[in-house]
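First the structure, in the form of structure tokens, and then the observations on it.
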Amino acid sequence: MSENPTKHTKVLIIGSGPAGYTAAIYAARAMLKPILVHGMEPGGQLTTTTDVENFPGFKDVIQGPWLMDQMKGQAEVVGTEMIQDHIASVDLKSKPFKAVGDSGQIYEADSIIISTGAQARWLNIDSEQSFRGFGVSACATCDGFFFKDKTVAVVGGGNAAVEEAMFLTKFASKVQLIHRRDSLRAEKLLQKKLMENKKIEIIWDSVVDEVIGDNDPKNVTGLKIKNVKTNKVDELKIDGLFIAIGHDPATSLFKDQLEMDKEGYLVTKNDSTETNIPGVFAAGDVKDKIFRQAVTAAGMGCMAALEAEKFLSHD
């Protein structure tokens with residue numbers, strides 16, 4: 001256990017990324033002296049993204065990790081205390097709210113902003129995990145470039161999968177979209193674009209059984225895919241596999257304390273970041289499964305800080 005005394009703050013921000021850092025900037029500028037606790041890899045999903053072309057204010061392409069460093073620095077300059085720790089448990093049942101870090105540090109807070117984000121979902125087959133980073137990826141924008149003039153496969157049937165498949169046609173010579181059903185969940189306009197793209201082939205009613213590859217050097221060479229209706233297994237020759245089957249929000253910490261939807265995303269009030277517990281706010285991908293953009297996460301971080309300020313002034 002840490003011998004550090006309990007740290008008390010008006011605003012405790014759990015998690016970083018565009019939501020956490022923006023919340024910190026606004027809370028610090030409101031003289032609330034926020035503490036932001038981030039894990040081993042601050043910055044969230046944007047730190048695994050290279051080219052960012054859609055964040056307002058930058059005419060030229062910027063790098064995701066650079067953008068997160070800038071936001072972090074900005075939050076620090078205006079008065080945020082940054083602490084690297086992993087929050088292991090929270091107690092939101094009594095005031096002040098309490099959080100305990102792996103370090104043993106106890107944090108007491110008059111309000112909490114949760115911006116713990118979400119992580120890509122994997123197929124969870126051994127061969128996929130074995131080749132993760134060696135031809136298997138969950139981020140086309142990060143890794144598409146490495147598959148110039150090669151054949152790749154995308155697994156999924158929602159908007160994300162269709163967008164990833166279309167993005168990959170910028171680099172790959174052929175993209176095979178593997179979907180376990182006989183129709184896509186993606187919105188109709190996206191489906192139309194997908195069907196019109198000559199580089200994309202859709203493989204219906206199929207799941208990935210195994211990722212095949214070499215071990216020296218380690219790289220993917222193919223897939224075994226199984227038709228769910230006939231159970232027939234076919235082999236595909238591919239150079240890369242992209243998994244686009246959704247995300248899991250990092251909310252297990254708040255189970256049985258905060259209201260969540262069936263997928264585990266935190267539920268907030270309409271036009272607000274407030275959860276079912278007054279004084280606890282949620283911003284970014286931890287509550288947003290629709291937009292999942294850096295700019296919307298940042299906007300929610302701003303909202304959460306302003307709502308926390310208002311909450312504290314009435315408390």
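All figures in this text were calculated on a predicted structure; none of them were measured in a lab.
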Give a yes or no on whether the backbone of Ala305 and the side-chain of Glu309 come within a donor-acceptor separation of less than 3.5 Å.
->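 Between the backbone of Ala305 and the side chain of Glu309 there is no qualifying donor-acceptor contact (under 3.5 Å).
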With sequence neighbours excluded, what pairs up with [X] under the ring-ring contact (aromatic ring centres under 6.0 Å, His included) test?
{"X": "Tyr265", "answer": "none"}
{"X": "Phe242", "answer": "Phe147"}
{"X": "Phe291", "answer": "none"}

Parallel, tilted or perpendicular: ring planes of Phe171 versus Phe167, cut at 30 and 60 degrees =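 Perpendicular: the ring planes of Phe171 and Phe167 meet at over 60°.
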Regarding Thr273 and Glu307, is there a side-chain donor-to-acceptor distance under 3.5 Å anywhere?
->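 Per modelled atom types, Thr273 and Glu307 side chains form a pair under 3.5 Å.
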So, His8 versus Asp110: side-chain donor-acceptor pair below 3.5 Å or not?
->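 On atom types as modelled, these side chains qualify, holding a pair under 3.5 Å.
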Other hydrophobic cluster members with Val207, side-chain heavy atoms of Ile/Leu/Val/Met/Phe/Trp/Tyr under 4.5 Å, chained?
->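 Direct or chained contacts put Val207 with Val228.
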Reference residue Lys7; test side chain to side chain donor-acceptor pair (under 3.5 Å); the match among Gln105, Glu108, Glu81 =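 The side chain to side chain donor-acceptor pair (under 3.5 Å) with Lys7 is passed solely by Glu81 among Gln105, Glu108, Glu81.
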Counting only pairs under 3.5 Å, give me each side-chain donor-acceptor contact of residues 13-39, with atom names and distances, residues two or more places apart or in other chains.
unit_1 : atom_1 : unit_2 : atom_2 : d
Ser16  : OG     : Gly43  : N      : 2.8
Thr22  : OG1    : Pro18  : O      : 2.6

Between Lys218 and Phe131, is NZ or CZ placed under 6.0 angstrom from the six-membered ring centre and within 45° of the ring axis?
->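 Judged by the rule, Lys218 and Phe131 form a cation-pi pair.
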Can Phe281 be reached from Phe97 by stepping across I, L, V, M, F, W or Y side chains whose heavy atoms are under 4.5 Å apart?
->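 Cluster IDs for Phe97 and Phe281 differ.
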Partner residues of Lys188 under the side chain to side chain contact (heavy atoms under 4.5 Å, CB included) criterion, sequence neighbours left out =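 Side chain to side chain contact (heavy atoms under 4.5 Å, CB included) list for Lys188, sorted by chain: Gln191.
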